[in-house]
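Okay, structure first, notes after.
For ligands, and for the atoms within them, numbers begin at 1 and follow the listed sequence. A quick note: this is a predicted structure, and the numbers were derived from the prediction, not measured. Heads up: numbering here begins at 1 and tracks the sequence.
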Amino acid sequence: MKPVLVLLVSTAWTLTGAQYYYQGLMDYLENRLLAIEDRMQLWHDQTHRYHTELLDFKKLTAESMDGLKQEHGMLLKDLEGAAVRVGRVEREMDFVESQTSPRACVNKADKVVEQGAWALEESRGEEEEEDDWEELHSQVSDCVEIISNIRSVKILKRVGSPKGMWVRDPRSSKLYVFNGTVGDIIYEFDSVREFSRSPGVTNSRRISLPSEWTGTGSTVYNGYLYYINQEAETDVQVVKFDLLSDSVTDSAMLPLESHATVYNLNPETVADLTADDEGLWLLYASSDSEPNISLAKMDPATLDIEQIWDTRCPRENAEAAFVVCGTVYVVYNTRLASRSRVQCVFDVNDIVISEEAPLLYFPRRYGAHASLKYNPEEKQLYGWDDGYQIIYRLTMKRKLLV
Ligand SMILES: *[C@@H]1O[C@H](CO)[C@@H](O)[C@H](O)[C@H]1NC(C)=O
Ligand SMILES: *[C@@H]1O[C@H](CO)[C@@H](O)[C@H](O)[C@H]1NC(C)=O
């Protein structure tokens with residue numbers, strides 16, 4: 001009997017122990033479940049809140065977008081208005097510029113190399129007397145005029161490529177057209193009128209040259225064509241070609257160390273020639289490291305270089321340049337073509353002083369000048385602008401000999 005009792009007691013004890021154990025487990029699980037439920041409720045609340053917030057945000061964005069759209073429309077209208085006003089201001093600027101001529105930067109002549117007959121005095125200080133000026137100007141340049149204004153513009157026609165050049169022989173009045181920036185063909189017209197009437201270049205005499213011209217640096221004077229020929233990188237020469245007999249009469253190497261271009265905005269042009277009664281002028285860059293434009297005076301008969309100057313006019317942003325009465329006028333622009341202006345002036349005789357050099361603005365045009373060729377007889381510039389042939393008529397005034 002006793003063992004049975006013991007077994008019963010021990011079984012009851014075991015059962016009670018197990019019960020406790022399971023009860024504890026149940027409590028624990030229940031608590032965990034409650035906690036999880038709480039958290040789920042929390043998540044649910046949060047999700048709901050996020051959702052609501054998202055909806056609000058969406059509504060807000062839609063409203064802002066509407067507002068932005070309206071403002072954009074208003075902005076567009078304002079911009080159109082501003083464009084009209086800018087156009088008006090530009091026209092007014094044109095007018096004001098034509099009325100008042102501000103000053104361009106003028107650099108004094110700095111003689112670098114002296115050759116042949118040009119034995120000029122060494123010192124040319126500020127205190128020099130009038131007699132010396134007279135003497136100097138009669139030696140290098142006989143004319144005493146500077147540009148005071150651009151009087152009028154004539155757009156003649158549009159022939160050929162965006163870049164090119166046209167030039168009129170001041171002696172023979174014949175006109176020469178160079179299409180593009182390289183070639184061995186040029187077109188000769190008897191007059192500007194003939195060119196103007198011609199459909200394309202059909203009314204012209206087609207001249208084949210024995211070698212290629214490069215860039216827009218050629219010029220024609222007294223029946224001779226002077227052109228820049230660049231066969232190899234280092235071998236740049238000027239060729240003199242007789243337009244009556246169609247033959248080369250002379251050629252000479254140019255004093256270039258590299259093929260650095262003279263005008264930063266027209267990189268095809270390594271050197272630029274311009275001829276007048278004073279002689280033959282050459283604008284060039286002496287080397288890659290030289291930031292300024294150099295000027296040389298050449299003998300048009302022999303192609304000898306007589307004298308060299310550093311104009312101190314930068315090559316950077318230069319578009320073209322021309323020489324009038326021994327004074328170099330450098331035309332500047334920006335890479336995105338805006339308005340061209342003469343912003344640097346250099347007088348080989350040191351006569352033009354800052355106070356009288358005008359800051360000339362060219363009237364609004366199509367693109368950028370590929371070339372500007374001065375004709376001393378007519379006192380006008382032959383410009384090539386985005387394929388258009390344009391004539392600028394200039395007003396001159398006497399240099400102040402003070
Ligand atoms: C000028 O050159 C361009 C490009 O080389 C050519 O398309 C055009 O026909 C030429 N125009 C004339 C008039 O020679
Ligand atoms: C180039 O010209 C500027 C003036 O415009 C001058 O200050 C500078 O020294 C010149 N540079 C050289 C290398 O001649």
- Identify, by atom number and element, the atoms of ligand 2 in contact range of Asp310, meaning under 4.0 Å from any of its heavy atoms. 14 (O)
Which atom pairs, one a donor and one an acceptor, fall under 3.5 Å between side chains of residues 176-183 and the rest of the protein, sequence neighbours left out?
residue	atom	partner	partner atom	Å
Tyr176	OH	Glu188	OE2	2.7
Asn179	OD1	Ser161	N	2.8
Asn179	OD1	Ser161	OG	3.1

- Check ligand 2 against Arg312 and write out every atom of the ligand that is under 4.0 Å from a heavy-atom position of the residue. 2 (O), 4 (C), 5 (O)
- Task: Please list, chain by chain and in numerical order, all residues satisfying ring pair (Phe, Tyr, Trp, His ring centres under 6.0 Å) with Tyr284, sequence neighbours excluded.
- Result: none
Note every protein N or O atom lying under 3.5 Å from an N or O atom of ligand 1, pairing the names and giving the distance.
residue	atom	partner	partner atom	Å
ligand 1	2 (O)	Ser161	OG	3.0
ligand 1	2 (O)	Asn179	OD1	3.4
ligand 1	2 (O)	Asn179	ND2	2.3
ligand 1	11 (N)	Asn179	ND2	2.9
ligand 1	14 (O)	Asn179	ND2	3.2

- Query: Using a heavy-atom cut-off of under 4.0 Å, does the side chain or the backbone of Cys313 touch ligand 2, or both, or neither?
  - Reply: neither
- Query: Going by heavy atoms in the side chains, are Ser152 and Tyr392 under 4.5 Å from each other?
  - Reply: no
- Under the side-chain contact (heavy atoms from CB on, under 4.5 Å) rule, collect the residues that match up with Thr202, sequence neighbours excluded. Ser198, Pro199
- Message: Less than 3.5 Å apart, any donor N or O on the side chain of Asp66 or Gln70 sitting next to an acceptor on the other?
- Response: no
- Salt-bridge contact Glu268-Lys163 (side-chain N to carboxylate O under 4.0 Å): yes
- Item | Validation row, ring centre Trp281 to ring centre Phe322 under 6.0 Å | no
